[in-house]
Protein chains: 2
Amino acid sequence: MLPTIRDVAKEAGVSIATVSRVMRESEGVRDATRLRVLAAAAELEYTPSHLGRQLAERRHAANGIVFPDLSGPYYAEVVLGYEGVAAELRRSVLILSTHGRSDAEDAVREMAGRCDGLVILGRTVSDAAVQSLAARGTKLVLVARPPIGTVDSVNAENHASARSLTEHLLSEGVRSLRFVGDPVSSPDVAERWAGVRDAFLRSESDRAPELVTVDELDEESGAAVADAALAADDLPDAFVCGNDELALGLLGRLAAAGVDVPGTVMVTGWDDVMAARYAGLTTVRQPMRELGATAARLLEELIVDERTEPRHELLPTELVIRSSSSTSH
Amino acid sequence: MLPTIRDVAKEAGVSIATVSRVMRESEGVRDATRLRVLAAAAELEYTPSHLGRQLAERRHAANGIVFPDLSGPYYAEVVLGYEGVAAELRRSVLILSTHGRSDAEDAVREMAGRCDGLVILGRTVSDAAVQSLAARGTKLVLVARPPIGTVDSVNAENHASARSLTEHLLSEGVRSLRFVGDPVSSPDVAERWAGVRDAFLRSESDRAPELVTVDELDEESGAAVADAALAADDLPDAFVCGNDELALGLLGRLAAAGVDVPGTVMVTGWDDVMAARYAGLTTVRQPMRELGATAARLLEELIVDERTEPRHELLPTELVIRSSSSTSH
DNA sequence: TTGAAAGCGATACCAG
DNA sequence: CTGGTATCGCTTTCAA
């Protein structure tokens, strides 16, 4: 058995209260006593139990982060940004992936019971679940998801960059555009799609962009979209994809079919993952780590300062034009 | 304040012991009583406190995983594989990134105090620290790191695939080979380097492979290695890189300099990350998720079954030949 | 089948 | 400056 505060107290010949004071480095302990306690603690290799401490202090010194998946680079980077700041703040980090989990909301609720606060990425849990957590007093920060009630949120700019991206394509001569993604399952994607439509409305174009909905935003889905278009001999001037993985899958299949990109059809993605560079993919870069880091800071404010008025951060993004949408790059 | 077991007991008109029995779904509670308790719990929206429960049960129902960084795809995938299994086993997951943290070992020790067991990836902490954790009774599983004492381990096969890779290159006519990586900081890389040398020894080649040590296994370092070689006008027949990111950085710089790959120089990586496909990079695929998943299962055995004899798993890898090392692909 | 009470390992108040 | 003790929220004997 690991030694407890009582063992140390006995060893040092003091009360547990004194040991507690020494371990917490609180004032008001005579140096001689302190040294005796420290010696005893070292002797027994004593480390205070987190459980006991947390129960007494009624805090966990741990936060949780909920995300759909870690397989793409996007969420991994956000989590990493979050973890970095959380560590600085001396908080442990609990993670929970909801992907393919039927009891996601239970798991989140369970996690809430182990943390002082939670960061929720994307549409991992329902609005109702978020509301109910908030109602129970759980400190929350949403990332990549529009604000709900008075819950804090951190988002990357989507609408304006989607418009810039679309305007770039229009200026490259694109007339027919097909957007690939699922606006329903991802709030980010919904905003991007809205931005694309907006750009069309503001242009002189008499055509409207099309929407192709896919289940997953991965390479496989992208490849499937390309296959379908090739089979139907129905290629638009440009595919605008909800993220880079879709675009990469699509690009790969087009290349295999010998389709000229960007000559025959242009392709764009979103996120600027590493592979995008190697594929020459036009995309929109978002500050993934910053999203996580900002969320960690907001959460800390909620927990420590008891801040009550909600904050909503919007981080800037950047259009990155490469050869998949431009002959001059 | 959240309701406690006492609130529910009062509301239902029973003792806290009975509430505890109902909440843990243990036998020996009359149906009528159970229903009254459940009603009271629902009424108050009661959820048992993990802290209280864990303190009483002396267990955390949580495990930790320690990794250097999550920025490359490799560790992210391992963590994800781990998380998936841990979730099935109804265990929470704590994460800790040691990269750029001076107090890494303290942080790991701290984390050990919050978990029933720990998975340690790569060379994140010293052998001494691992030994001392093990000595204190912390359940441990090492991943991507050679066994230490009687601590469990999970590794991907490195030596044999490094030999196959090297033999492939030799058969492609490579005579001078330069290995890029840091065998000291990564056990995996050390084994790969050893495999390369072995293949040379067993061949008729009269030349020995060279070693270029880099600080980080990232694209930037790879680019720097390419720059140095170009500046010195000293290109080997092949660069064998310790991971894909190094190789991608190298490839990019070679392409920019107009060097013919694989004609003038061949390049290989390791891991088979997504970008490797798009770059046509020859590499060795390892089962990243499986590494994490296997570690989770071993750890569970240690915790639940109190297994004492150590286990060491070796997962298979696969050589993936692409255009960066072969004209026929 | 149920309840009373003793832990689990800390913190923190109140005396002395 | 130090010690005694109630308390945090739960589990788990031991009796009733």
Side-chain angles (χ1 to χ4, degrees), chain A residues 1-41 44-62 92 109-110 112-116 136-137, chain B residues 1-41 44-62 92 109-110 112-116 136-137:
Chain A
M1 214 48 234
L2 257 33
T4 76
I5 196 171
R6 261 167 270 271
D7 299 322
V8 179
K10 188 174 298 173
E11 175 82 16
V14 298
S15 74
I16 62 167
T18 299
V19 177
S20 174
R21 289 188 189 104
V22 173
M23 298 315 292
R24 281 176 301 119
E25 310 185 7
S26 81
E27 298 301 307
V29 180
R30 194 188 304 164
D31 273 357
T33 315
R34 173 188 313 281
L35 290 177
R36 241 182 327 136
V37 171
L38 288 176
L44 300 175
E45 297 193 351
Y46 167 72
T47 324
S49 148
H50 284 281
L51 249 31
R53 185 169 270 186
Q54 287 160 19
L55 183 56
E57 289 180 339
R58 328 273 222 71
R59 58 176 239 132
H60 300 262
S92 294
R109 211 174 291 273
E110 140 101 24
R114 293 171 167 270
C115 303
D116 299 321
R136 295 208 52 173
Chain B
M1 215 51 236
L2 258 32
T4 77
I5 197 173
R6 262 168 269 272
D7 299 322
V8 179
K10 188 174 298 174
E11 175 81 15
V14 298
S15 75
I16 63 168
T18 298
V19 176
S20 173
R21 291 190 187 102
V22 173
M23 296 316 290
R24 281 177 302 116
E25 311 186 4
S26 82
E27 298 302 306
V29 180
R30 194 185 304 162
D31 272 357
T33 316
R34 174 188 312 284
L35 289 177
R36 238 176 336 131
V37 171
L38 288 176
L44 300 176
E45 297 192 353
Y46 168 72
T47 323
S49 149
H50 285 284
L51 248 32
R53 182 169 275 184
Q54 287 159 22
L55 184 56
E57 290 181 339
R58 277 73 123 14
R59 59 176 237 130
H60 300 264
S92 295
R109 211 173 290 273
E110 141 101 22
R114 294 170 167 270
C115 303
D116 299 320
R136 296 209 53 172

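Below, chains carry the letters A, B, ... as their sequence lines are ordered, and counting in each starts from 1. Quantities reported herein were computed from a predicted structural model and do not represent experimental measurements.
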Where the side chain of [X] meets the backbone of [Y], is there a donor-acceptor pair that is under 3.5 Å apart?
X: Arg36(B); Y: Ala12(B); answer: yes
X: Arg136(A); Y: Ala112(A); answer: no
X: His60(A); Y: Asp116(A); answer: no

Exercise for the section: Measure distances between side-chain N and O atoms of Arg58(B) and base N and O atoms of dG7(C), and say whether any donor-acceptor pair falls under 3.5 Å. Expected result: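 Donor-acceptor pair under 3.5 Å: no.
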Calculate the interatomic distance between [X] atom [atom1] and [N] atom [atom2]; express it in whole Å.
X: Asp7(A); N: dC8(C); atom1: CG; atom2: C1'; answer: 13 Å
X: Met23(B); N: dT2(C); atom1: CE; atom2: C1'; answer: 18 Å
X: Leu55(B); N: dT12(D); atom1: CG; atom2: C1'; answer: 13 Å
X: Ile5(A); N: dA10(C); atom1: CD1; atom2: P; answer: 6 Å
X: Glu27(A); N: dT2(D); atom1: CD; atom2: C1'; answer: 15 Å
X: Gln54(A); N: dG9(D); atom1: CD; atom2: P; answer: 14 Å
X: Arg59(B); N: dG9(D); atom1: CZ; atom2: C1'; answer: 17 Å
X: Leu44(A); N: dG9(C); atom1: CG; atom2: C1'; answer: 15 Å

Residue [X], side-chain heavy atoms: nucleotide from [options] that is nearest:
X: Pro48(A); options: dT2(D), dG9(D), dA10(C); answer: dA10(C)
X: Ala56(B); options: dT11(C), dC10(D), dT2(C); answer: dC10(D)
X: Ile16(B); options: dT11(C), dT2(C), dT11(D); answer: dT11(D)

Problem - Sole candidate of Gln54(A), Arg53(A), His50(A) that passes side-chain contact (heavy atoms from CB on, under 4.5 Å) when paired with Leu51(B) - result: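 Of the listed options, the one satisfying the test is Gln54(A).
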Practice task
Among Val19(B), Val29(B), Val22(B), find the residue that satisfies the side-chain contact (heavy atoms from CB on, under 4.5 Å) test when tested with Val14(B).
Solution key: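 Exactly one pass, corresponding to Val19(B).
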NA contact type, [X], heavy-atom cut-off 4.0 Å: base, sugar-phosphate, or nothing?
X: Thr47(A); answer: sugar-phosphate
X: Leu51(A); answer: nothing
X: Arg24(A); answer: sugar-phosphate
X: Val14(A); answer: sugar-phosphate
X: Ser20(B); answer: base

Exercise for the section: Select from Ala17(A) and Arg6(A) the residue whose nearest nucleotide in DNA chain C is closer to the 5' end of that strand. Expected result: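 This one resolves to Arg6(A).
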Handout entry: Residue whose closest nucleotide on DNA chain C lies nearer the 5' end, Arg36(B) versus Pro3(A)
Key =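 The residue closer to the strand's 5' end, by nearest nucleotide, is Arg36(B).
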Practice task
Check whether any side-chain nitrogen or oxygen of Ser15(B) sits under 4.0 Å from OP1 or OP2 of dA4(C), and answer yes or no.
Solution key: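 Checking Ser15(B) against dA4(C): no side-chain N or O falls below 4.0 Å of OP1 or OP2.
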Practice task
Report yes if at least one side-chain N or O of Arg53(A) is closer than 4.0 Å to OP1 or OP2 of dT11(C); otherwise report no.
Solution key: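 Answer yes for this pair, as a side-chain N or O of Arg53(A) is under 4.0 Å from OP1 or OP2.
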Practice task
May I ask you to check whether Thr47(A) and Arg109(B) show a side-chain donor-acceptor distance below 3.5 Å?
Solution key: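 There is no such pair (donor and acceptor under 3.5 Å, judged by atom type) between the side chains of Thr47(A) and Arg109(B).
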Practice task
Could you pick out which residue, Ser49(B) or Arg21(B), lies toward the 5' side of DNA chain D when each is mapped onto its nearest nucleotide?
Solution key: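 Nearest nucleotide further toward 5': that of Ser49(B).
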